[in-house]
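None of the values given here were measured: they were computed from a predicted structure. In the text below, chain A, chain B and the rest are named by the order of the sequence lines, each starting its count at 1.
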Amino acid sequence: MLQFKNGDKSCEFDKNEIILHDVIKSLGLDNKKIIAAKFNGELMDLSRCVNSGGEVEAVSADSPEGLEILRHSTAHLMAQAILRLYPGSHFGVGPAIKDGFYYDVDAAGTITENDLPKIEAEMRKIAGAGEKVSREDMPKDEALKFFAEDPYKTELISEIDAPTVSVYKQGEYADLCRGPHVPDASKIHNFKLLSIAGAYWRGSEKNKMLTRIYGTAFANPDELKAYIKMLEEAKLRDHRKLGKDLDLFSLHEEGPGFPFFHPKGMAVMNTLIDFWRREHNKRGYTEIKTPQILDRELWIRSGHWDHYRENMYFTEIDEKPYAIKPMNCPGSILVYKTQLRSYRDLPMRLTELGCVHRHERSGVLHGLMRVRCFTQDDAHTYIEPTKIKEEVTAIMELDKYFYTNVFGFKYSVELSTRPEDSMGTDEQWEAAENALKDALESTNTPYTINPGDGAFYGPKIDFHLEDCIGRTWQCGTIQLDFQMPGRFGVTYIGEDGAEHTPVMIHRVVFGSVERFMGILIEHYAGAFPYWLAPVQVKIIPIADNHVDYAKKLQETFFNWGLRVEVDTRSEKLGKKIRDAQLQKVPYMLVVGDKEQAENKVGVRERSKGDLGSMTLDEFKNVLDNEFNPLKSR
RNA sequence: GCCGGUGUGGCUCAGGGGUAGAGCAGCGCACUCGUAAUGCGCAGGCCAACAGUUCAAAUCUGUUCACCGGCUCCA
């Protein structure tokens, strides 16, 4: 006798074993969208046979768990189609991921983007025929024999630490897989293959490169359509396109990875920096500036030569070796050491908007997000070891103010621990990692651990912001450093009159000012808020004889400190407005006979439209009510 | 760096072995206009670079460079 229940529903079978799908049916839970089962909390195939009773749930394709199964099964469906079209192909791994799935293929022949429709068509054929999916548990040695032709599966099987493995078969295709999967391919309707790329087997560049095919699948056709539309809209937000359209920056073959900033881009960047300076001054930071090129000896002493050389550029001055700085810390230390410091001077918070050069491999460059020269909004804080938590907490609050209050970003936090290539003792690393953990936990900050991703001199807390298509980019970081102060003999005189070594905190908020700007462009889709907009106000004379009045207004607004342009072209009003809208200017001021006579401006806001005629005082009042973190306090 | 793709006027793109095309932007002229594109005209390109095949290359081949999508790496 087997008893099953689901909430207040229950059923019994006078048998020793039963198929979960039958249980679901008699519990009255079945419908077309059900693709798997959950038995006592464990996801299983609908066809799975159980020999004890328990809690049973039906997993629908539109639940988060069901969607993952659906996508995973779609990856298998794709693999079967590829096997038909490219017999002899082998497969690596093919998991469900955040917005879909991929499968890494060692294809017999070359698969290109143009082949995706063909593969998709084959997939629909198989799904239409309702190809059955079945699971089989095999002892490992049998599985090894079964997959003898497949180097990838054999490698995976031999690493599995269990006596048996499960194999899923559908038609001519079979795959080593934990499952569960849909009962048959007819459950898969709404899918699309998206892109193709190379990917190293098991993620190591020492291994062969396989062909990775990305795709996605959804429970409903509307969701798939919405997702594809989202991808298209995201493309329109791409900071590289908007950077061109809005004349913010450009990239040139003559300087790969070295962006050129135009006047409008600089207007945004300088505004960001003004804001940044204000906020740091409020919090007890003072600013320094250190040289671009420094003696190679300094970098040997700092450990960069041993741990970071691959990413550095070198040069020679008067036959002596020098390095272009990839980080600002050694420079900061030299400034610290120009005087004998007291515990009363600590924490000493030195900021530096340092332009650093790092050699990045050609394939990773990406607009403003990944470059070879960027401006770090750096600060190095020298601090007594007992004050770490307090200081780290204060930095996290600063980060939160920036990201959430001012820019409205979602962000995630990671704690990155000791990497393989690093300096210092285990005790030092443990102390540093614990200090960061402590700060995170005492502020109830949710975080994940990113093992082995710390800097070579210490662990770090990283802040990741999302771009328009969900890629995340590291911006802020807080790094604890127990190494450099010792290496450079950095000291302070304590209350006890003795010399002590301070701890150093390296931290950035924007991270790279360039990257942060890239993310802002996508975040706002180019429509910067009033305080950041490169052109805040565009004056639009209706006819040529209003240009003089427009220019007079511009003078006034310059004196108010605004960024203002006048459209002096002999175009129609509609055209000038359209162009200003496309440039995403927050305020357009239409001026014609009426305004000129009354000394007014016709105010149009880019999203609210025509706000009517206003005196200059009234307009100023509107501007004063705009969000502006440069004016608070 | 690796795999795949792409490279044609400022921008978006068509063409494709026989002396280079469109729209937008630019310039000129006319219009002097009331809240998302006025009309007409003009000018603008060694078709990424370098080799090769050919009577002839933007077009075919090779190499290089840059860019795009990923991988690896990272702020």
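Computed from coordinates, the Y411(A) OH to A75(B) C1' distance equals 18 Å when rounded to whole Å. Atom P of nucleotide C74(B) and atom CG of N450(A) are separated by 10 Å, given to the nearest angstrom. D544(A) has its CG atom 12 Å from the P atom of C29(B), to the nearest Å. Distance, Y308(A) OH to C74(B) P: 8 Å, rounded to whole Å. Atom pair K235(A):NZ and U12(B):P shows a separation of 14 Å (rounding to whole Å applied). Rounded to whole angstrom, the span from the CG atom of D579(A) across to the P atom of U35(B) amounts to 16 Å.
Among the heavy atoms of the strands lying under 4.0 Å from E595(A) is at least one base atom, whether or not backbone atoms are also near. Contacts of M369(A) with the nucleic acid, taken as non-hydrogen atoms under 4.0 Å apart, include base atoms. Using a 4.0 Å heavy-atom distance criterion, K594(A) is classed as a base contact. Using a 4.0 Å heavy-atom criterion, one finds that G363(A) contacts the bases of the nucleic acid, with or without backbone contacts as well. Heavy atoms of S570(A) sit under 4.0 angstrom from at least one base atom. Across all strands shown, G203(A) has heavy atoms under 4.0 Å from sugar-phosphate atoms exclusively, and none from any base. Counting non-hydrogen atoms under 4.0 angstrom, Y214(A) reaches the backbone sugars and phosphates but no base. No contact: L210(A) has no heavy atom under 4.0 Å from any strand. Across all strands shown, K206(A) has no heavy atoms under 4.0 Å from either base or sugar-phosphate atoms. Using a 4.0 Å heavy-atom cutoff across all strands shown, H366(A) reaches sugar-phosphate atoms only and no base atom. Nucleic acid contact class of Q474(A) (heavy atoms, under 4.0 Å, all strands): sugar-phosphate only.
Considering only side-chain atoms of T112(A), the nucleotide from G26(B), C68(B), G5(B) that sits closest is G5(B). When each of C33(B), G4(B), A66(B) is scored by its nearest atom to the side-chain atoms of E253(A), the top-ranked nucleotide is A66(B). Side-chain proximity of M209(A) to C71(B), C33(B), G34(B): nearest is C71(B). Of the listed nucleotides (A37(B), C67(B), U35(B)), A37(B) has the atom at the smallest distance from the side chain of K575(A). For V590(A), counting side-chain heavy atoms from C-beta on, the closest listed nucleotide (A75(B), U35(B), A25(B)) is U35(B). The nucleotide whose nearest atom lies closest to any side-chain atom of V371(A) is, among A37(B), A75(B), G26(B), A75(B). The side chain of Y200(A) has C71(B) as its nearest neighbour among A75(B), C71(B), U32(B). When distances run from any side-chain atom of V364(A) to the nucleotides G34(B), A36(B), U72(B), the shortest one goes to U72(B). The side chain of R212(A) lies closest to G70(B) when the candidates are G70(B), G34(B), G1(B). Minimum atom distance to the side chain of E571(A) is reached by U38(B), of the listed C71(B), U38(B), G1(B).
Distances shown here put a side-chain N or O of K244(A) below 4.0 Å from the OP1 or OP2 atom of U12(B).
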> Is there a side-chain contact (heavy atoms from CB on, under 4.5 Å) between V268(A) and F528(A) once you walk through the steps?
Replying inline: CA-CA 9 Å; V268(A) 176; F528(A) 289 103; 4.0 Å; yes
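A salt bridge between K538(A) and D567(A) is absent, with no side-chain N of the basic residue lying under 4.0 Å from a carboxylate O of the acidic one. A salt bridge between K289(A) and E352(A) is absent, with no side-chain N of the basic residue lying under 4.0 Å from a carboxylate O of the acidic one. Look at E122(A) and R84(A) and you find a salt bridge, because one of the NZ, NE, NH1 or NH2 atoms lies within 4.0 Å of a carboxylate O, short of that distance. The pair D104(A)-R212(A) meets the salt-bridge criterion, with a side-chain N (NZ, NE, NH1 or NH2) lying under 4.0 Å from an Asp/Glu carboxylate O.
Pair check for C71(B) finds G1(B); Watson-Crick or G-U wobble, both atom distances under 3.5 Å. Applying the Watson-Crick and G-U wobble criteria (two distances, each under 3.5 Å), G52(B) pairs with C60(B). Nucleotide G7(B): paired with C65(B) (Watson-Crick or G-U wobble, both distances less than 3.5 Å). Pair check for C29(B) finds G39(B); Watson-Crick or G-U wobble, both atom distances under 3.5 Å. With a cut-off of 3.5 Å on both Watson-Crick or G-U wobble distances, the partner of C46(B) is given as none.
For the C1' atom pair drawn from G44(B) and A36(B), the interatomic distance equals 28 Å after rounding to whole Å. Spacing of C1' atoms, A22(B) relative to G70(B), comes out at 34 Å, to the nearest Å. Between C60(B) and C11(B), the two C1' atoms lie 30 Å apart (nearest whole Å). Using atom P as the reference point in both A58(B) and C46(B), the two lie 13 Å apart (nearest Å). For the P atom pair drawn from C65(B) and C50(B), the interatomic distance equals 15 Å after rounding to whole Å. For the P atoms, the distance linking G10(B) with U6(B) amounts to 23 Å, nearest Å. The separation of A57(B) from C67(B), taken at their C1' atoms, amounts to 24 Å, rounded to a whole angstrom. A gap of 15 Å separates the P atoms of G21(B) and G15(B), to the nearest Å.
A donor-acceptor contact under 3.5 Å is formed by the side chain of R370(A) with the base of C73(B). Residue side chain N545(A) does not reach the base of U32(B) through any donor-acceptor N/O pair under 3.5 Å, judged by distance alone. Residue E310(A) places no side-chain atom within donor-acceptor reach of the base of G1(B), judged by atom type and a 3.5 Å distance cut-off alone. Residue-to-nucleotide contacts include no donor-acceptor pair under 3.5 Å from the side chain of Q581(A) to the base of A37(B). Taking only distance into account, the side chain of R361(A) meets the base of U72(B) through a donor-acceptor pair shorter than 3.5 Å.
Two residues are said to be in side-chain contact when any heavy atoms from C-beta on lie closer than 4.5 Å; L532(A) and Y524(A) meet this criterion.
Proximity of a side-chain donor or acceptor of T477(A) to a complementary backbone N or O of R507(A) within less than 3.5 Å is not detected.
Under the stacking criterion of a centre-to-centre distance below 5.5 angstrom and an interplanar angle below 30°, W473(A) is not stacked against the six-membered ring of A75(B).
Place I196(A) and D593(A) on RNA chain B by their nearest nucleotides, and D593(A) ends up nearer the 5' end. When the nearest nucleotides of RNA chain B are assigned to D610(A) and G476(A) by heavy-atom distance, the more 5′-ward of the two goes with D610(A).
Aromatic rings from Y214(A) and F101(A) are positioned such that their centres are separated by 6.0 Å or more. Ring-centre distance between Y587(A) and F619(A): below the 6.0 Å cut-off.
Within a 6.0 Å radius of NZ in K400(A), other residues, nucleotides and ligands contribute 12 heavy atoms or fewer.
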